[in-house]
Amino acid sequence: MEKMTANKSVLSWINEKIDLVKPEKVVWIDGSKEQVEALRAEACATGEMIKLNQELLPDCYLHRTAVNDVARVEARTFICAPSKEEAGPTNNWMDPAEAYKMLYDIAKDSYKGRTMYVIPYSMGPVGSKFSKIGIELTDSIYVVLNMSIMTRVGTKVLEALGDSNDWVRGLHCKCDIDEEKRYICQFPQDNTIISVNSGYGGNVLLGKKCFALRIASYQGKNEGWQAEHMLILGLQKPNGEIKYICAAFPSACGKTNLAMLIPPEGYYKKGYRVWCVGDDISWIRKGEDGRLYAINPENGFFGVAPGTNEKSNPNALASTKKGTIFTNVALNLDNNTVWWEGLDKNPPENAIEWKGSKWNGKTSEEKGAHPNSRFTAPAVNCPCISSEFENPQGVPISAFVFGGRRAKLAPLVYQSRSWNHGVFVGSIMASETTAAAAGAVGVVRRDPMAMLPFCGYNMADYWQHWIDIGAGLDPEKAPKIFNVNWFRKDDDGNFMWPGFGDNLRVLDWIIDRCEGKVDAVETPIGFVPNADDINLEGLEGEVSKAQLEEILSVDKALWKTEVEGIGEFYAKFDRLPATLKAEYETLKKNIEG
Ligand code: GTP
Ligand code: SPV
Ligand code: MN
């Protein structure tokens, strides 16, 4: 097939990789509908994908990964910077020369009898000053079809690249999906990613976590911008004004849900709306007016399926009704559609579970869908997609929100006292682990800015970068920084806050704080709302004022233990910024005093 570019850096790199992996043939992805259609047909013919009911789910397909390959593998993810110090104490590190050698040994000849697909893709709207280009080589049609939803791909990307050498190299080899030889390696200094022995989402859709967070966070540090694990939403007030919020929650902690929320009825009637700009990643830069602007570098949603339903997230569900790839969900054989836990109360009896065996959802003890099963849906499908989604300038940010799963500690919401205190609040984030990564679920771990698995360099330098960004902003124009926790539980283990659409009540308070319209109570950890300022209209019988006061409370005894935990975590960082050390001492004094 004809090469789609004359770019020398591109062609020579691809030729090197062809010599290494020895494909039977090479196919360039041009971004055309015809090519996508042909690849879908081929994947169905080999059993890699299953075509779903085309009347109910037009252009939708199901894919099952290997049973040992269902989530990101953090223990096998490496930052291959020149020194261990540059990767920092929270990343796995490998010497770049050793890593290349090991990976090339694994990749050698691995495309024999297979096709190499060359995917030119843009993170961000093609041609925006925020955007960056990558090329992923893969031997997986599943990867090609997912990348074609999640990013902008094809000829137009190579035209935008021209003869520039500024692009990210990505090599993906399925090999034998051998867990023992699975590696996800980032080489930030070389703009290079190599991923071997996986076929799952975040391990292999290299534009997403590998590029748009790990490589891009490093680029951002050098170039004066930020790559963050943040959703972007526009909150429209009854007067029609739209304020934008970026929020960082760890994997499977509610970004997609918050980004697409439907306001509670009372709010909706008054004219409140939420518009989704992005559900996972933000690239953020200072605009000419001195404010911070964010774009979503992605073009689709790679969302958690379980728990997505008509009530929790109707916009996400609607987004999956066409042109979507489902991964590791159950297949309903009666009507050739899909099902997952929490979709409805009517599991199919005649079905195939995510591993590929016959399954009766009414009688089986087993789950039909894997807890980290996902949908890959085009962003344009989303009923509440923002009119600014394609805006090459991005949207101006009023607030940054951090959050995670804390059953006991963190109040529903609190506001930092300043930018630097807000950076501190982000740096001490912790959350109970989820099924989005391989390993134990429900264990509290530190996950600063929700970037623990995604920061491409030393986390302490990343915090310093946050501090530097703030120092370059007029405090009047800087976003205000908040922390939220939708996951407080009572002693019986029940969630104390209804969450989902009702989180709008908290967002409304956040925007009012940004506009100086509402008072707050100063506590040892920051500003907490007066209970009267969170509107509970419509929650009668669900959340009483006393319960609200409880979830807004700051328990000094619990925070005392937390301060010790933060101290232990901070002790890992030789390069801890003095500003954060000082914020830590202030918190300690406030809690103990
Ligand atoms: P990644 O795609 O892994 O980055 O996840 P995410 O942060 O986008 O998480 P998502 O919105 O997909 O939510 C993950 C899980 O959290 C789902 O099972 C949701 O049902 C649940 N969840 C989301 N929002 C809330 C909430 O406000 N309250 C409660 N209790 N659960 C929530
Ligand atoms: C996450 O785990 O944060 C995700 C899914 O968004 S993945 O693409 O697998 O990283
Ligand atoms: Mn994510």
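When a ligand or atom number is given, it counts from 1 through the structure's own listing order. The figures that follow rest on heavy atoms only: side chains count, while hydrogens, waters and symmetry mates do not. Because the structure is predicted, anything quoted here is derived from the model rather than measured.
Tyr272 and Asp508 form a side-chain donor-acceptor contact under 3.5 Å, judged by distance and modelled atom types alone. In this structure, a donor-acceptor pair under 3.5 Å is absent between the side chains of Gln236 and Arg273.
For ligand 1, the polar-atom distance check finds an N/O of Thr256 within less than 3.5 Å of one of the ligand's N/O atoms. At least one N/O-N/O distance between Ala252 and ligand 1 falls below 3.5 Å. Checked against a 3.5 angstrom limit, the closest N/O atoms of Phe302 and ligand 2 fall outside it. Checking only distances, Lys255 does come within under 3.5 Å of ligand 1, N or O to N or O. Some N or O of Asn257 is nearer than 3.5 Å to an N or O of ligand 1, by distance alone.
Near Pro306, meaning under 4.0 Å from any of its heavy atoms, are these atoms of ligand 1: 18 (O). Ligand-side atoms of ligand 2 in range of His229: 3 (O), range being under 4.0 angstrom from any heavy atom. For ligand 1 and Val304, the ligand atoms under 4.0 Å from any heavy atom of the residue are 12 (O).
Residue contacts with ligand 1, taken as heavy atom pairs separated by less than 4.0 Å, involve Pro250 solely via the backbone atoms N, CA, C and O. Residue contacts with ligand 2 for Asn203 are absent, since no atom lies close enough (heavy atoms, distance under 4.0 Å). Contacts with ligand 1 closer than 4.0 Å are made by heavy atoms of both the backbone and the side chain of Phe500. Under 4.0 angstrom from ligand 1, there are no non-hydrogen atoms of Trp497. Looking at Thr434 against ligand 1, nothing comes within 4.0 Å, counting heavy atoms. Proximity of Ser251 to ligand 1, defined as any heavy-atom pair under 4.0 Å, is shared by backbone and side chain alike.
Taking the charged nitrogens against the carboxylate oxygens, Lys208 and Glu298 do have a contact shorter than 4.0 Å, which makes a salt bridge. Under a 4.0 Å N-O distance rule, the pair Arg182/Asp69 qualifies as a salt bridge.
Under the 30°/60° scheme for interplanar angles, the aromatic rings of His370 and Trp354 are found to stand perpendicular. Note on ring orientation: taking the six-membered ring where Trp is involved, the planes of Trp509 and Phe482 are perpendicular (angle over 60°, cut-offs 30° and 60°). Taking the six-membered ring for Trp and thresholds of 30 and 60 degrees, Phe495 and Phe487 have ring planes more than 60 degrees apart, a perpendicular arrangement. Ring planes of Trp466 and Phe400: perpendicular class, angle over 60° (limits at 30 and 60°).
For atom 8 (O) of ligand 2, the nearest non-hydrogen atom from the set Arg374, Arg72, Glu74, Lys208 belongs to Lys208. With distances taken over non-hydrogen atoms, the option nearest atom 15 (C) of ligand 1 out of Lys208, His229, Arg405 is Arg405.
For the pair Lys270 and Tyr267, the distance from NZ or CZ to the six-membered ring centre is under 6.0 Å and the angle to the ring normal is within 45 degrees.
Closest to atom 9 (O) of ligand 1 among all protein heavy atoms lies Gly254 N, 2.9 Å.
The nearest N, O or S atom of Phe302 is not closer to the Mn ion (ligand 3) than 2.8 Å.
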